[in-house]
Engineer: 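My questions all concern the structure below.
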Amino acid sequence: MTDQAVLQFGLAVLRAATPLAFCALGVLLAERAGVLNIAVEGMMLCGSLAAVLTAVLTQNAWLGVVAAVVVGAVTGLVLGALVVLLPADQVVSGIAFNITAQGLTSFIYKITVIRGVQLIGPATLISLAGPAARGNFLASISPLTYVALVLTCLAWVFLFRTGPGLLWRSLGESARASHASGMNVRRARMAVLVLSGVLCALGGASLTLAWVRSFTDNITMGRGFIALAAVYFGRWNPLLAVLSCLLFGAGEALAFRAQALGSGINPFYYLMLPYVLTLLAVGLMGRAVGPKEAGKPYLGG
Amino acid sequence: MTRLLRKLMPRGGQVDPAFALTVGLTIVASILALWICTAFAGASVTQVLSTMIEGALGRRNAVLATFAEFAPIALCGLGVLIPYRAGFFNIGTQGQLEVGALAAITVVLTLGGSPWVTLPLAFLAACAAGMAASVIPIVLKLRRGASEVTTTIMLNFTCVLLVYAMITGPLKDPSAFYGATPPVPAPFRLAAVPAGGPHLGVWIALAALLVFEVILNRTVFGTQVRAVGYNRQAALLAGVRVDRVTILAVVGGAAMAGLAGSIQVLGVTYRVAETWSKGWGFTGISVALLGGGPVGVLIVSAIFAILETGARSMQALTGVPAALVYLLQGIPVLVYLAVRSSRLGARKAAPVETGSGSEGSSSQARAGGCRMEGAE
C-alpha cells in the first residue's frame with residue numbers, strides 16, 4: 001500500500017468508528033448508572049434523521065448537530081419516563097423504542113421524499129479543513145471525530161478520577177446504597193438517560209453529517225448494537241470501549257475494501273467481527289465485570 | 001368469541017379491570033397515533049383504514065397474502081414467547097429464522113428426491129438450525145451467567161451475516177447478479193391446501209400455536225416452565241429441574257423461529273437472498289409481548305399481518321408511507337408496557353425486588369411488573 005492508501009484507510013476507519021464511539025459512550029455511561037440502553041439503535045436513528053434534515057433545510061451542518069442534541073435529549077426523556085419513572089422493563093422498553101423509532105424515522109423520511117426535499121447534507125463536517133485538507137491526515141479528520149475522542153477522555157477522567165464519577169458508578173453497583181447516601185436515584189438516572197440519548201443521537205449525526213451525508217431507511221443498520229458490543233468488549237471502560245470501536249470500525253472499513261477490490265475473503269466475515277469477538281469476550285469473562293445492577297429497575301423511594 | 005375472550009382473561013373468567021384498561025388504552029393510543037400520522041401525511045383516517053383493510057382482506061389474493069404474512073410472524077412470536085415464559089428473553093429469533101431458512105433450502109437443493117421425504121427433512125433441518133443458533137446463548141447464560149439479551153443480539157447479526165456470506169459464497173446461484181441461492185425447484189414449493197387456499201406453512205403455524213397452547217397451559221411441563229420463569233429459586237426448591245426446563249423452552253422456541261424461516265423460503269420467497277427477509281423475527285418480539293400466550297400470539301399476529309399486507313395498498317392509494325405500520329407495531333408495545341408498569345395497570349402490588357443479586361440476569365426479563373399473561 002502506498003502512503004496515500006494508508007492515509008485513506010486510516011480515515012475510513014475513523015469515519016466508521018466515530019458514530020460507534022459516540023453511541024458506545026452513551027451506552028456505557030447509562031450502564032454505569034444502572035440503566036441498560038438497548039434503545040441506542042433507535043436513538044441513533046432519530047439523531048441521524050434530525051441532523052441531516054435540519055442541515056439540509058438550514059444549509060448549516062452545525063445546526064444539524066444542535067438538532068440531533070435536542071432530539072437525543074427528547075429520546076432520553078421518553079426512555080427515562082418508561083424505564084426510570086414507571087419503571088418498565090429496560091430491555092423490552094428498549095426494543096419497543098427501537099421498533100417505534102424505526103417506524104417514525106422511516107415515515108418522516110418518506111414524507112420528506114414525497115414533498116421533494118433533496119436529502120443531501122452540506123459537506124462542512126466531513127473534514128476539519130474542508131477540501132484544502134487533501135493529503136493532510138489530521139486536517140482530513142471530521143471535527144466530530146475530535147469531539148468524540150475528547151469526550152472519551154473526559155468520560156474516563158470523570159468516571160474514574162472524580163467524586164461525582166464515583167457516585168455515578170455507585171448508582172450502577174447499588175441503587176439502594178446510593179439512595180441511602182442521599183442521592184435521588186430516579187432524578188439522577190433521568191439525567192443520565194438524557195445525556196445518553198444526546199450522545200447516541202450525536203452518533204447518528206456523525207453518521208449522516210460526517211460520513212454519508214444522506215438518510216435512508218434504517219441507515220444505522222445495527223450500528224447501535226455494534227456500539228453495545230464495544231461497551232461489553234471494552235469492559236465498561238470508556239478508553240477500551242472506544243478502542244473496540246476503532247477495531248470494529250476497521251472491520252467495517254476492511255469489509256468495504258474487500259467488496260471493492262474483490263479479495264479472497266468474503267466481506268461479510270469482516271462485518272461479523274464485532275459480534276463474534278463480543279460473544280467470545282462475554283463467554284470468557286461472564287457476568288463478573290459489568291456494573292452489578294445494570295438492567296435492574298429501581299423500585300424504592 | 002366469548003370463550004376466546006375469556007381465555008385471554010385471567011383465571012376465573014372474570015374480566016380484570018386493570019387488564020381491560022390496559023388493552024383499552026393500548027387501542028386508544030394506537031388509533032391516536034394513526035390519526036396523527038395520517039393527518040401529518042395529509043390523508044383521512046377512515047380512508048387509510050379502509051384501504052388498509054381492503055388491501056389485506058378485500059380480495060382472495062389479498063387474504064392469501066395476509067395468511068402468508070401471518071405464518072412467520074406467529075411462529076417467531078412463539079419463538080419469543082416460549083423462552084420468555086421460562087424467564088429467557090430470546091431476542092435472537094431473526095437470526096434463528098435466517099439460518100433455519102438457509103438450512104431448509106440447502107436440504108431441498110442438495111437432497112432432491114421425493115417431496116414427501118425431503119420436505120419433512122427440510123423442516124427438521126430448519127428447526128435444528130434454529131436450535132443450534134440458540135445453544136451459545138443458553139450455555140453462556142447457564143454456565144457463565146451472561147445475559148441472554150446481549151448474546152442473542154450478537155448472534156442475530158452473526159447468523160444473518162453468516163447467511164449472507166454463504167449466499168454470496170458457496171451457496172450462490174451462479175446465474176444471479178446479487179447474493180442469492182438458486183430457487184427452490186417447483187416440486188418442493190409448499191402447496192396450497194386446499195387448492196387455491198393458504199399454503200401448507202400457514203397450517204403448520206396454526207398447528208404449532210395449538211400444540212404450544214396445550215403444552216404451555218395443560219401439561220406438567222408447561223407449569224414447570226411458568227414456575228421457572230416466575231421464580232427460579234422457588235422452582236428449584238420445589239424439585240423442578242430448572243436448567244433442563246429452561247433449555248427445553250429456549251430450544252423449543254428457537255426451533256419455531258427456524259421453522260418460520262423454512263416455511264417462508266419454501267412457501268413464499270423460494271430463495272434466500274440479500275435482504276430477502278422482512279424483520280419477522282423482530283416483529284415476533286412485539287407479538288409475544290402483546291399476545292402473552294399462544295392464543296394472544298395468534299390474534300396479535302393476525303392483526304400485524306393485516307397491517308403489513310394492507311399497508312402496501314394503503315401507500316399506493318392514499319400516499320401515506322407504509323412505514324406507518326412499524327409505528328403501529330411499536331407504539332402499542334410502548335403504551336402497553338407503560339400502562340402495565342404504572343399503578344393503573346398493575347394487577348398486583350409492585351413485585352418484590354429479587355434477592356440480592358443472585359439472579360441478576362434471569363430476573364431482567366420479568367422485573368418491573370411487566371410480566372407476561374398467565375405467569376401467576
Side-chain angles (χ1 to χ4, degrees), chain A residues 36 38 42 78 81-83 85-93 95-111 113-114 176 217 222 225-226 228-229 232 266-269 271-272 274-276 278-279 282-288 290 292-297 299-300, chain B residues 37 40-41 89 91 136 139-140 143-147 149-151 153-158 161-162 164-165 168-169 279 282-283 285-286 289 315 319 321-331 333-334 336-338 340-342 350-351 353-354 357 360-361 363-370:
Chain A
L36 284 181
I38 306 279
V78 170
L82 276 168
V83 304
L85 297 184
L86 285 171
D89 179 70
Q90 298 177 0
V91 175
V92 180
S93 310
I95 289 172
F97 185 94
N98 287 340
I99 297 173
T100 315
Q102 198 190 331
L104 188 68
T105 51
S106 172
F107 187 78
I108 296 176
Y109 165 65
K110 290 279 160 57
I111 295 218
V113 170
I114 290 171
R176 278 191 179 184
D217 273 351
F225 294 118
I226 299 185
L228 202 69
Y232 297 136
N266 194 307
F268 290 110
Y269 290 120
L271 295 177
M272 221 187 273
Y275 311 112
V276 174
T278 305
L279 277 173
V282 168
L284 291 178
M285 70 193 180
R287 77 175 120 176
K292 255 204 199 75
E293 291 195 352
K296 267 195 180 179
L299 302 165
Chain B
C37 290
F40 187 64
F89 198 4
I91 310 179
I136 294 177
V139 171
L140 287 184
R143 291 272 164 273
R144 311 286 311 184
S147 160
V149 172
T150 322
T151 51
I153 288 178
M154 299 304 145
L155 265 171
N156 256 342
F157 290 102
T158 314
L161 291 169
L162 185 69
Y164 283 10
T168 50
F282 297 115
T283 313
I285 300 172
S286 306
L289 293 169
Q315 178 167 327
L324 178 68
V325 171
Y326 296 106
L327 270 174
L328 292 182
Q329 290 177 353
I331 287 175
V333 186
L334 283 177
Y336 179 79
L337 271 177
R340 276 308 292 270
S341 316
S342 69
E353 206 170 351
T354 12
S361 49
S363 63
Q364 272 175 13
R366 300 162 285 110
C370 64

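Below, each value reflects all heavy atoms present in this structure, side chains not excepted, and no hydrogens, waters or symmetry copies. Below, chain A is the first sequence line, B the second, and so on; all start at residue 1.
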Engineer: With a 4.5 Å heavy-atom cut-off, do A:Val276 and B:Thr158 have their side chains touching?
Structural biologist: yes
Engineer: With only heavy atoms counted, which part of B:Leu162 is less than 4.5 Å from chain A, the side chain, the backbone, both or neither?
Structural biologist: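 B:Leu162 touches chain A through backbone and side-chain heavy atoms alike.
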Engineer: Looking at side-chain heavy atoms only, is the closest gap between B:Leu289 and A:Val92 below 4.5 Å?
Structural biologist: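 Side-chain contact under 4.5 Å: yes.
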Engineer: Using the six-membered ring wherever Trp is involved, compare the ring planes of B:Phe157 and A:Tyr275 and label them parallel, tilted or perpendicular (cut-offs 30° and 60°).
Structural biologist: parallel
Engineer: For the OG1 atom of A:Thr278 and the CG atom of B:Leu155, what is their distance to the nearest 0.5 Å?
Structural biologist: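 Here the interatomic distance stands at 11.0 Å.
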Engineer: Sort A:Ile226 into side chain, backbone, both or neither according to what part of it lies under 4.5 angstrom from a heavy atom of chain B.
Structural biologist: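 Answer is neither: A:Ile226 stays 4.5 Å or more from chain B.
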Engineer: Side chains of A:Ser106 and B:Tyr326: closer than 4.5 Å at any heavy-atom pair?
Structural biologist: no
Engineer: What closest approach, in Å, do A:Phe97 and B:Leu334 show between heavy atoms, and which atom pair accounts for it?
Structural biologist: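 It is N-CD2, 3.9 Å.
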Engineer: Could you have a look at B:Ala338, B:Ala41, B:Ala322 and say which one has the most heavy-atom pairs with chain A under 4.5 angstrom?
Structural biologist: B:Ala338
Engineer: Kindly give the heavy-atom pair with the smallest separation between B:Ala146 and A:Val282, and that separation in Å.
Structural biologist: CB-CG1, 3.2 Å
Engineer: Do B:Ile91 and A:Ile38 come close enough that some side-chain heavy atom pair is under 4.5 Å?
Structural biologist: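 B:Ile91 vs A:Ile38: side chains apart.
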Engineer: In Å, rounded to the nearest 0.5 Å, how long is the span from CZ of B:Arg340 to CG of A:Asp89?
Structural biologist: 12.5 Å
Engineer: Which region of A:Leu104, side chain (C-beta onward) or backbone (N, CA, C, O), has a non-hydrogen atom less than 4.5 Å from a non-hydrogen atom of chain B, or is it both or neither?
Structural biologist: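 Answer is both: backbone and side chain atoms of A:Leu104 are under 4.5 Å from chain B.
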Engineer: Do you know the tightest heavy-atom contact between A:Gly283 and B:Arg144?
Structural biologist: O-NE, 2.8 Å
Engineer: Counting only heavy atoms closer than 4.5 Å, note whether A:Tyr232 contacts chain B via side chain, backbone, both or neither.
Structural biologist: side chain
Engineer: Identify which part of A:Ser93 has an atom lying under 4.5 Å from any heavy atom of chain B, answering side chain, backbone, both or neither.
Structural biologist: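 For A:Ser93, backbone and side chain are both near chain B.
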Engineer: Under 4.5 Å heavy-atom distance to chain B, tell me which part of A:Leu82 shows up: side chain, backbone, both or neither.
Structural biologist: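 The answer is the side chain of A:Leu82.
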Engineer: Find out whether B:Ile153 and A:Leu228 are in side-chain contact, i.e. whether some heavy atom of one side chain is under 4.5 Å from a heavy atom of the other.
Structural biologist: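 Side-chain contact under 4.5 Å: yes.
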Engineer: To check you understand the geometry: which heavy-atom pair defines the closest contact between B:Cys37 and A:Phe107, and what is its length?
Structural biologist: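 Smallest heavy-atom distance, with atoms named: O-CZ, 3.4 Å.
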Engineer: Which atoms of B:Ile285 are under 4.5 Å from chain A, going by heavy atoms: the side chain, the backbone, both sets, or neither?
Structural biologist: side chain
Engineer: Which atoms of B:Leu140 are under 4.5 Å from chain A, going by heavy atoms: the side chain, the backbone, both sets, or neither?
Structural biologist: side chain
Engineer: Which heavy atom of A:Ala96 sits nearest to which heavy atom of B:Val333, and what is that distance?
Structural biologist: CB-CG1, 3.6 Å
Engineer: Which atoms form the tightest heavy-atom contact between A:Asn266 and B:Ala165, and what is the distance?
Structural biologist: ND2-O, 3.1 Å
Engineer: Does any backbone or side-chain atom of B:Ile331 lie under 4.5 Å from a heavy atom of chain A? Answer side chain, backbone, both or neither.
Structural biologist: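 Looking at B:Ile331, backbone and side chain both touch chain A.
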Engineer: Counting only heavy atoms closer than 4.5 Å, note whether B:Tyr164 contacts chain A via side chain, backbone, both or neither.
Structural biologist: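 Backbone plus side chain of B:Tyr164, per the 4.5 Å heavy-atom cut-off to chain A.
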Engineer: Of the backbone (N, CA, C, O) and the side chain (C-beta and beyond), which part of A:Leu86 lies under 4.5 Å from a heavy atom of chain B, both, or neither?
Structural biologist: both
